[in-house]
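Only one structure is covered here, and it is reproduced in the block below.
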Amino acid sequence: MPTPIAIARDLPSPCGLRHSACVHAVLVALMLAGVAPQASPAAGKPGHSGFSDHDPKREVRILGRVAPTDAPAIPKATSNGDWSVAGGRLVPRFAPSPKEQMWFPKGDAAHLGEGLVRARIELHGPLDVSLLLRQRYQGDPPTVLSGYGLSIEGESARLHRWDRGMPLPMGPEVRLGKLDQRSSLELVVFMVGPQLIASIYDGDGLQLIATLAIHDTTYSFGCVGLRVGPKHDPNSAVTLLTTMDATKHATRVHAVPRSPRYGPATDPEATPFGNTRYAFIAGAATARLPKDLRARVQSTVDGREGARAVLFLDTVGFERLRRTGVDVLSVDSNVPWSTFNPDFRRRAKKQPSRAGRGFVLEDSYKDPALVEQLLRAYHERYPGITELVEVGRTHQGRALWALRISDASRTDDEPAVLLDAAHHGSELLSVEYVLDAIDTLVAGYHHDARVTRWIDNLEIWCMPMVNPDGNHMFIHESRFAIRKNGKDSDGDGYSDPFEGVDLNRNYPFGWGQTGSSGLPMHKWYRGPAAGSEPETRAMMALADRERFAAAISFHTFGTEIYSSYVVGDTSDMEPNVSRAVAREIVAAADVQPNGRKYAVRSPDYPVAGSDQDWHTHAHGTMAFVLEGSHHNPPLDVRTQAVIATRPVWMALLDRVLGGPWIGGHVRDAAGKPVAATVMVAEVVTGAGERWGTRARDGRFDRAVAKPGRYTLVVQAPGRAPIERTVAVGRGRVDVDVVLP
Ligand SMILES: [Zn+2]
């Protein structure tokens with residue numbers, strides 16, 4: 001029988017830290033809400049813990065077994081009386097005696113002031129037992145007690161304090177009742193500063209029987225132990241004793257790489273000691289913190305009021321901080337990313353600085369303002385090959401900026417390619433891939449033959465930030481703003497960090513299918529209608545106008561490329577040219593900084609309403625989602641990642657120009673562009689695709705998987721369809737079709 005502790009979150013919710021003048025009452029409420037055990041349906045089943053987020057391995061076992069497979073722990077102890085420890089069962093073996101008997105295990109785990117103590121008792125007769133807490137005793141064998149205890153005598157329970165051997169009842173007495181109908185009890189005592197909260201459960205079903213709480217400042221630290229009195233039936237054995245020291249377990253740390261700059265990644269939600277939040281204190285006050293709390297200082301933020309230190313704390317940590325007497329200036333669970341990024345805060349104050357033929361990019365991640373500054377700087381430096389284009393505006397009025405890179409004016413008829421990023425606002429590394437592409441392109445023009453060829457023959461549209469509202473929110477407002485676009489969905493005038501639309505679920509193709517959600521607070525919220533969002537509509541309008549030959553939308557961080565289609569139950573083109581090209585372009589890339597190469601994937605979960613599927617379906621664009629290797633890694637990793645990813649977009653530009661590829665124009669006899677569909681008969685499509693020509697020049701671009709003979713089928717309204725056979729070798733073939 002394992003011995004789970006049930007922790008439930010469905011107790012009455014606390015009023016919140018900012019609310020009450022009575023900080024103490026609020027904290028107790030928080031502690032109860034965060035960690036007070038309660039029966040749950042899952043509790044009591046072998047191998048299953050009802051203690052939310054609780055890993056029994058985190059408890060230190062002093063006596064007994066936690067899991068059925070554990071070897072019983074048999075501790076060294078100091079005791080008086082006659083105790084037997086066998087098979088993980090602790091039994092006082094004494095003839096009925098007027099004297100009380102005590103048992104104190106030795107070792108670090110038995111000494112704690114703040115944290116959790118858990119014990120189980122098998123019931124085989126009357127109880128007269130105390131779970132001792134924060135105790136000091138005199139002598140060996142131990143005699144005089146000073147400290148606390150949770151005592152059960154007969155059918156009643158209460159907390160006690162002993163002062164040099166004198167017991168003093170604390171708090172109310174609680175009747176447990178029906179102990180003769182139970183076979184075991186589980187006792188859990190939670191200790192934070194002056195608060196001791198004890199819960200008593202049925203040991204089998206884990207129903208909560210009683211909760212007791214006291215507030216007392218006399219003893220802050222001491223030993224865990226057991227005491228039995230003269231009425232105790234010696235057959236009622238203690239079968240488990242564990243501790244969890246709050247000062248050692250105050251935050252849960254993920255098994256993710258430790259960032260040398262920002263410390264271990266921490267779970268933003270919960271720890272075994274309750275939900276986490278950030279506490280801001282005066283920077284100078286950190287010197288007054290105990291060592292382990294000082295270790296939780298995550299950052300120092302310069303503000304108008306001077307430097308503030310930020311601690312990431314759970315309930316226990318927060319209470320401990322409060323008891324140091326250090327003023328807590330504010331508490332927030334919702335701080336933005338910039339709070340913990342000194343590089344960004346430093347960089348945000350400066351203009352872009354030149355580096356070689358480009359600009360410094362590796363000194364920080366970027367928010368919408370920094371992206372705009374940079375795009376303007378590139379355009380000012382390279383006006384002949386760049387154009388800064390506002391392709392739309394967001395809900396909050398931010399411009400959607402594109403930097404179009406080409407030697408020619410926009411009326412020229414070169415194939416267009418799109419590199420975009422940050423459909424998801426929090427994916428900061430994705431922005432860097434596109435900025436790196438811009439820098440590589442402009443700096444390489446007339447210095448690197450490959451780059452010069454691309455710029456001379458393509459129009460490369462670079463959009464580092466498709467979702468500036470979402471990005472701004474993540475960087476400047478809330479760490480809970482993750483993917484979405486910050487839209488005020490409920491119209492209350494405030495953009496909640498959980499509101500907004502996932503832009504990469506909002507495109508019309510496959511919209512509404514599985515892999516997206518209709519719930520406005522869901523992270524995959526697809527929006528109220530297909531293409532409902534201004535960002536989506538701007539991207540679609542741009543694509544309808546430019547008819548991109550190829551596109552990469554950068555995301556993070558699966559180290560993989562998605563070919564079309566990713567929506568479920570849709571026929572891919574056959575042969576799957578998209579898959580073939582995806583394979584080719586990622587094969588060109590280096591190993592990423594996480595040690596992996598980009599994998600070509602059809603996702604094992606469907607994604608409905610993605611940009612890539614829409615581009616493919618609407619225009620036959622060779623469109624891909626490239627998931628980079630990391631999520632907002634330290635800057636040295638950022639730079640390794642962008643360098644290792646360059647070969648992918650470079651290979652795609654080469655593929656458009658270097659083939660195998662069919663491009664060309666459809667015009668009428670007078671040389672005017674014709675709006676026509678141009679399909680390749682050997683590429684069978686099954687989702688109603690009708691890929692047309694570009695309005696301004698009649699251009700079309702169709703990738704093929706490999707060299708061979710292909711048949712172009714060209715159809716325009718009111719004209720007879722015509723077919724053209726094209727022999728495609730290793731290169732690109734341009735075909736001018738004249739419709740009679
Ligand atoms: Zn993403």
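The structure presented is a predicted model; accordingly, all values stated were derived computationally and were not measured. We count ligands from 1, going down the list as the structure has it; atoms in each ligand are counted the same way.
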Given the options M465, M463, E390, R393, L400 meets side chain to side chain contact (heavy atoms under 4.5 Å, CB included) only with M463
From the list W454, Y433, F624, side chain to side chain contact (heavy atoms under 4.5 Å, CB included) with W649 holds only for W454
Among the N, O or S atoms of H424, which one sits nearest to the Zn ion (ligand 1)? ND1
Return the name of the atom in H555, of element N, O or S, nearest to the Zn ion (ligand 1). ND1
N, O or S atom of E627 closer to the Zn ion (ligand 1) than 2.8 Å: no
Is the Y507 ring parallel, tilted or perpendicular to the W614 ring (thresholds 30°, 60°)? tilted
Test of ring centre spacing under 6.0 Å for Y278 and F312: yes
